[in-house]
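Order of appearance sets the numbers: ligands from 1, and atoms from 1 within every ligand. A quick note: this is a predicted structure, and the numbers were derived from the prediction, not measured.
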Amino acid sequence: MATTTSKRRRDQPVGLVAGGLIDRRTVLRRALALPFLAPLTHAASAESVNAERPAWMRAPGVPMSAYGRPSAYEADVVRAVAQEYRGIAPEAGVSLTPLHRLRGSITPAGLHFERHHSGVPQIDPGRHHLMIHGEVERPLVFGVDALLRYPVETRIGFVECAGNSFPNAADRAPAKTCGAIHGLLSNSEWGGVSLRRLLDEAGLRKTARWLIAEGADAAAMVRSIPLSMALDDGMVALYQNGERLRPEQGYPARLWFPGLEGNLHIKWVRRIKVSERPAHSRDETSKYSDRLADGSALQFTLEMGVKSIITMPSGQMQLPRPGWYEIEGLAWSGSGRVRAVDVSADGGHSWVAAHLDDPALDRALTRFRIPWEWRGEPQVIESRAVDESGAVQPTREHWKRRYAAGQIYHNNAIQRWRVDAQGRVENHFG
Ligand SMILES: Nc1nc2c(c(=O)[nH]1)N[C@H]1C(S)=C(S)[C@@H](COP(=O)(O)O)O[C@H]1N2
Ligand SMILES: [Mo]
């Protein structure tokens with residue numbers, strides 16, 4: 001097969017566009033003929049495989065376990081931890097999802113990113129309550145058992161911190177992995193009780209415009225959410241990928257709002273005050289607001305912008321040799337479905353539509369892929385997403401022009417990776 005294909009490549013390089021990408025129609029016709037991983041597999045005869053009896057075939061394996069763990073050989077697939085005030089307050093900071101080591105669209109619970117302003121409270125669910133009060137007819141207090149008695153609705157979607165991609169705020173491209181740059185992003189199936197249902201039960205007054213939510217951590221984090229956004233599929237989440245929330249994700253209950261900035265998703269939620277006005281809390285004034293180039297500032301940028309990243313190949317990876325690869329990545333938007341992802345392998349001169357994997361869900365991570373031939377030359381690869389509202393992911397230059405120096409929040413700029421002649425992949429700002 002390898003011989004036939006290399007002959008075809010010499011004779012008729014049809015379907016190849018700039019930079020070695022191949023377009024979708026060609027993929028359909030040729031996909032099976034591409035020798036993707038063939039050079040990496042080794043030729044073993046059936047006999048030599050049969051002759052080998054590894055240790056694990058000569059004695060029974062270990063018995064069953066009550067709760068499974070990943071293979072010991074995958075011990076390096078872990079979150080990257082970054083502490084803001086190491087030594088003073090080790091419990092404040094982030095841990096980032098290793099996006100470049102994962103191939104699906106659902107994030108395993110143990111690898112969901114974490115953002116804690118004051119650590120993970122160890123909450124006894126028997127002593128935790130959620131109060132709904134303010135501009136309502138009937139203030140209500142729910143125990144966790146009471147919340148669990150409601151019908152649980154599930155929905156797949158992402159949480160992205162407004163500070164995601166913060167390392168790229170630097171002037172020089174930091175030499176980091178995709179996960180260490182963009183891993184304040186995870187995608188889960190969330191299960192919980194819709195906010196609409198709970199607020200209906202409390203009876204919203206005509207004056208109700210905002211929800212002010214508070215967490216039961218030592219930070220007692222407070223955020224205001226416009227009522228209309230909260231009613232648009234917002235939930236009190238109790239489950240994460242089928243099991244109860246991890247403590248890091250807000251056990252026993254958190255808020256989850258499809259498509260909205262991570263900071264709003266109050267974890268360990270203990271209080272929702274219905275209000276005419278927002279609270280103007282610390283995290284919606286001095287933090288998580290956007291300083292613009294003209295010196296003014298934007299408050300309440302709540303919907304996350306359209307964005308995509310190539311996860312493979314990506315920063316710090318090493319391509320073993322020239323040949324065929326599949327460029328793979330993630331795309332998402334806070335305002336709906338991803339409509340298209342275009343990929344360029346020639347520094348942004350030409351773009352080819354990538355294939356979007358099913359299901360491309362509303363306000364959820366969507367995978368894209370496109371075959372690519374790397375010929376052993378330096379190249380710059382990048383992806384650009386378009387969502388169903390028509391919004392297009394901006395270049396880094398465009399994004400930077402809009403904001404004041406030092407802006408880190410809401411960075412949805414295009415990520416470029418440079419592959420050098422030796423196959424080393426690096427973060428690239430050029
Ligand atoms: N109570 C409370 N809620 C919180 C936070 C917090 O520190 N305390 N961090 C917020 C931020 S900034 C983000 S990005 C998300 C992160 O959710 P995760 O840790 O489950 O990924 O939770 C939000 N909810
Ligand atoms: Mo965040």
For ligand 1, which is the ligand I care about here, please tell me if [X] has any N or O atom under 3.5 Å from one of the ligand's N or O atoms.
X    : answer
H116 : no
Q249 : yes
H117 : yes

Between N427 (side chain only) and P174 (backbone N and O only), is there a donor and an acceptor less than 3.5 Å apart?
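Yes, the answer is positive, given that a donor and an acceptor are paired below the 3.5 Å cut-off.
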Looking at Q249, is its backbone amide N or carbonyl O close enough to the side chain of R254 to form a donor-acceptor pair, meaning the two atoms are under 3.5 Å apart?
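At least one qualifying donor-acceptor pair exists.
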Just to be sure I read this right, does ligand 1 sit under 4.0 Å from the backbone of [X], its side chain, both, or neither, counting only heavy atoms?
X    : value
H265 : backbone
E160 : neither
N263 : both
E261 : neither

Top protein contact for [atom], by heavy-atom distance:
atom                    : answer
atom 21 (O) of ligand 1 : F113 O, 2.6 Å
atom 8 (N) of ligand 1  : D217 OD2, 2.6 Å
atom 14 (S) of ligand 1 : C161 CB, 3.4 Å
atom 19 (O) of ligand 1 : K267 NZ, 2.5 Å
atom 22 (O) of ligand 1 : R254 NH2, 3.4 Å
atom 15 (C) of ligand 1 : G262 O, 3.3 Å
atom 9 (N) of ligand 1  : R115 O, 3.2 Å
atom 5 (C) of ligand 1  : M221 SD, 3.4 Å

What residues form a ring pair (Phe, Tyr, Trp, His ring centres under 6.0 Å) with F166, not counting sequence neighbours?
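F166 satisfies ring pair (Phe, Tyr, Trp, His ring centres under 6.0 Å) with no residue once adjacent residues are dropped.
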E114 side chain near R246 side chain, heavy-atom distance below 4.5 Å
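When only atoms from C-beta onward are counted, R246 and E114 do not touch, as no gap falls below 4.5 Å.
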Kindly assign one of parallel, tilted or perpendicular to the pair Y150 and F142, based on the angle between their ring planes and the thresholds 30° and 60°.
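Plane angle over 60°, so perpendicular.
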Hey, can you tell me if F257 and H265 have their rings parallel, tilted or perpendicular (30° and 60° cut-offs)?
perpendicular
Mark up the atoms of ligand 1 that fall under 4.0 Å of a heavy atom belonging to [X], in ascending order.
X    : result
G215 : 1 (N)
E248 : 19 (O), 20 (O)
I266 : 3 (N), 24 (N)
Y288 : 12 (S)

Will you find, in the side chains of [X] and [Y], an N or O donor that is under 3.5 Å from an N or O acceptor?
X    : Y    : value
H133 : R271 : yes
Q240 : H112 : no
Q415 : N168 : yes
T97  : T107 : no

Are R396 and E382 close enough for a salt bridge, meaning some N to O gap below 4.0 Å?
no
Is it the case that atom CZ in R277 sees more than 12 heavy atoms from other parts of the structure closer than 6.0 Å?
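Count not over threshold, so no.
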